[in-house]
Novice: 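Please see the structure below; I have some questions.
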Amino acid sequence: MKKSIVIVDDHILIAKALEGIIDNFQDFEVIYVCENGKDLIQKFENDQKIPDIILLDISMPIMDGFETMSWIKDKHPGIKVMALSMQGDDKSVIRMIKNGAKGYLLKNTHPKDLETALTRLDNEGFFYPEWASRIILSTLNNDTPELTVKISEREKEFLKYTVTELSYKEIADKMCCSPRTVESYRDQLCEKLDLKTRVGLAVFAIKNGFA
């Protein structure tokens with residue numbers, strides 16, 4: 001079964017072009033297009049199908065991508081969101097990721113690269129092109145320590161899963177332990193590394209080769 005996608009973009013020609021490209025992909029299909037965040041919310045409230053993935057433009061009138069992303073994260077955290085932009089400026093990348101986006105792409109991305117990005121986002125829970133990854137790691141560098149403390153093998157395994165979309169309960173299932181045990185790994189690592197969020201743990205995991 002194809003994974004469903006909703007495009008949220010006030011540039012209708014661009015949205016329709018993306019829809020045409022994606023509908024040629026084997027594993028994905030666009031189920032509808034929204035002009036802005038408010039339009040998306042209205043469609044959800046009118047019982048339109050909730051998609052697996054949202055391609056979300058950042059610069060939109062009425063309700064922009066930042067505000068829309070925060071709403072999605074609060075109301076529908078299971079949806080994977082790929083931010084779309086004409087430019088990859090540092091502030092927008094970091095702000096969208098902090099708001100909950102799991103991926104970031106430029107609108108002029110080649111169709112093959114778009115398909116790869118969607119597949120990675122669907123399978124792995126996140127996708128950032130190399131240029132965006134550099135921004136993330138550079139910007140969060142001061143908040144994410146280098147490996148200077150001892151990390152157990154089970155903690156390393158847990159860190160590998162922090163970069164995925166899996167819930168802590170699902171991580172517990174993968175690790176064949178209880179959710180309480182997974183929470184203890186999280187708490188111990190946060191204390192060791194002086195971190196407060198899963199994002200911080202995920203960046204640490206990527207930075208130190210655990211994911």
Novice: Report yes or no: does Asn24 contribute a side-chain atom to a donor-acceptor pair with the main-chain N or O of Gly20 at less than 3.5 Å?
Specialist: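 Looks like yes, one N/O pair under 3.5 Å.
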Novice: Taking only residues two or more places apart in sequence or in another chain, which ones pass side-chain contact (heavy atoms from CB on, under 4.5 Å) with Asp27?
Specialist: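 With neighbours one apart ignored, the set is empty.
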Novice: Given Val6 and Val30, is the side chain to side chain contact (heavy atoms under 4.5 Å, CB included) satisfied, shown in steps?
Specialist: CA-CA 6 Å; Val6 164; Val30 176; over 6 Å; no
Novice: For a quick test of reading the model, state the closest non-hydrogen atom pair linking Glu19 to Ile7 and the distance between them.
Specialist: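 Shortest heavy-atom separation between Glu19 and Ile7 comes out as N-CD1, 3.7 Å.
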Novice: Minimum heavy-atom separation for Ile50 and Ser4, please, with both atom names.
Specialist: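 Shortest heavy-atom contact: O-OG, 4.2 Å.
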Novice: With a 4.0 Å cut-off, would you call Lys156 and Glu153 a salt bridge?
Specialist: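 Salt bridge between Lys156 and Glu153, a charged N being under 4.0 Å from a carboxylate O: yes.
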Novice: Taking C-beta and beyond as the side chain, do Met82 and Lys102 meet within less than 4.5 Å on heavy atoms?
Specialist: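 No; the side chains remain at least 4.5 Å from each other.
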Novice: For a quick test of reading the model, state the closest non-hydrogen atom pair linking Pro51 to Ile79 and the distance between them.
Specialist: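 Nearest pair, atom of Pro51 first, then Ile79: O-CG1, 3.6 Å.
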Novice: Donor-acceptor pairs under 3.5 Å, side chain of residues 108-115 to any protein atom, not counting sequence neighbours: which ones?
Specialist:
| unit_1 | atom_1 | unit_2 | atom_2 | d |
| --- | --- | --- | --- | --- |
| Thr109 | OG1 | Leu106 | O | 2.6 |
| His110 | ND1 | Lys112 | N | 3.0 |

Novice: Please enumerate all residues that pass side-chain hydrogen bond (donor to acceptor under 3.5 Å, both in side chains) together with Arg120, with sequence neighbours excluded.
Specialist: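 Arg120 satisfies side-chain hydrogen bond (donor to acceptor under 3.5 Å, both in side chains) with Glu124 once adjacent residues are dropped.
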Novice: According to side-chain hydrogen bond (donor to acceptor under 3.5 Å, both in side chains), does anything in residues 39-51 pair up with another residue at least two apart or in another chain? List the pairs.
Specialist: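 Qualifying pairs, neighbours excluded: Asp39-Lys43.
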Novice: Looking at Asp52 and Lys80, would you say the former's side chain and the latter's main chain have a donor-acceptor pair under 3.5 Å?
Specialist: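 Here the side-chain-to-backbone pair does not exist.
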Novice: Dump the intermediate steps for side chain to side chain contact (heavy atoms under 4.5 Å, CB included) on Met175 and Arg154, then the final yes or no.
Specialist: CA-CA 8 Å; Met175 295 182 67; Arg154 291 291 276 175; 3.9 Å; yes
Novice: Atom NZ of residue position Lys174 - does it have more than 12 heavy atoms of other residues, nucleotides or ligands inside 6.0 Å?
Specialist: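 Incorrect, the count does not exceed 12.
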Novice: Between Glu155 and Lys192, is there a side-chain N and carboxylate O pair less than 4.0 Å apart?
Specialist: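 Yes, charged N to carboxylate O under 4.0 Å.
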Novice: Flag the pair Glu183 and Arg180 as a salt bridge only when some basic side-chain nitrogen lies within less than 4.0 angstrom of an acidic carboxylate oxygen.
Specialist: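 Between Arg180 and Glu183 there is no salt bridge, as every charged N stays at least 4.0 Å from the carboxylate O atoms.
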Novice: Below 4.5 Å, heavy atoms only, C-beta onward: do Tyr104 and Leu84 meet side chain to side chain?
Specialist: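 No, side chains not in contact.
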Novice: So, applying side-chain contact (heavy atoms from CB on, under 4.5 Å) with Leu55, which one of Val8, Leu121, Val33, Ile22 is it?
Specialist: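 Running side-chain contact (heavy atoms from CB on, under 4.5 Å) over Val8, Leu121, Val33, Ile22 with Leu55 returns exactly one hit, Ile22.
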Novice: May I have the step-by-step check of side chain to side chain contact (heavy atoms under 4.5 Å, CB included) for Leu56 and Phe66, ending in yes or no?
Specialist: CA-CA 9 Å; Leu56 180 61; Phe66 301 114; over 6 Å; no
Novice: Any chance you could lay out the side chain to side chain contact (heavy atoms under 4.5 Å, CB included) test for Leu189 and Ile151, step after step, and finish with the verdict?
Specialist: CA-CA 8 Å; Leu189 284 166; Ile151 307 293; 3.6 Å; yes
Novice: State which residues pass side-chain hydrogen bond (donor to acceptor under 3.5 Å, both in side chains) with Lys38; sequence neighbours excluded, sorted by chain then number.
Specialist: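 side-chain hydrogen bond (donor to acceptor under 3.5 Å, both in side chains) check on Lys38 returns nothing, list empty.
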Novice: Kindly state each residue pair satisfying side-chain hydrogen bond (donor to acceptor under 3.5 Å, both in side chains) with at least one member in residues 62-79, sequence neighbours excluded.
Specialist: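 Pairs touching residues 62-79 that pass the test: Ser70-Asn99.
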Novice: Under a 3.5 Å cutoff, is there a donor and acceptor pairing between the side chains of Thr116 and Thr119?
Specialist: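 Looking only at side-chain atoms, Thr119 and Thr116 do not form any donor-acceptor pair under 3.5 Å.
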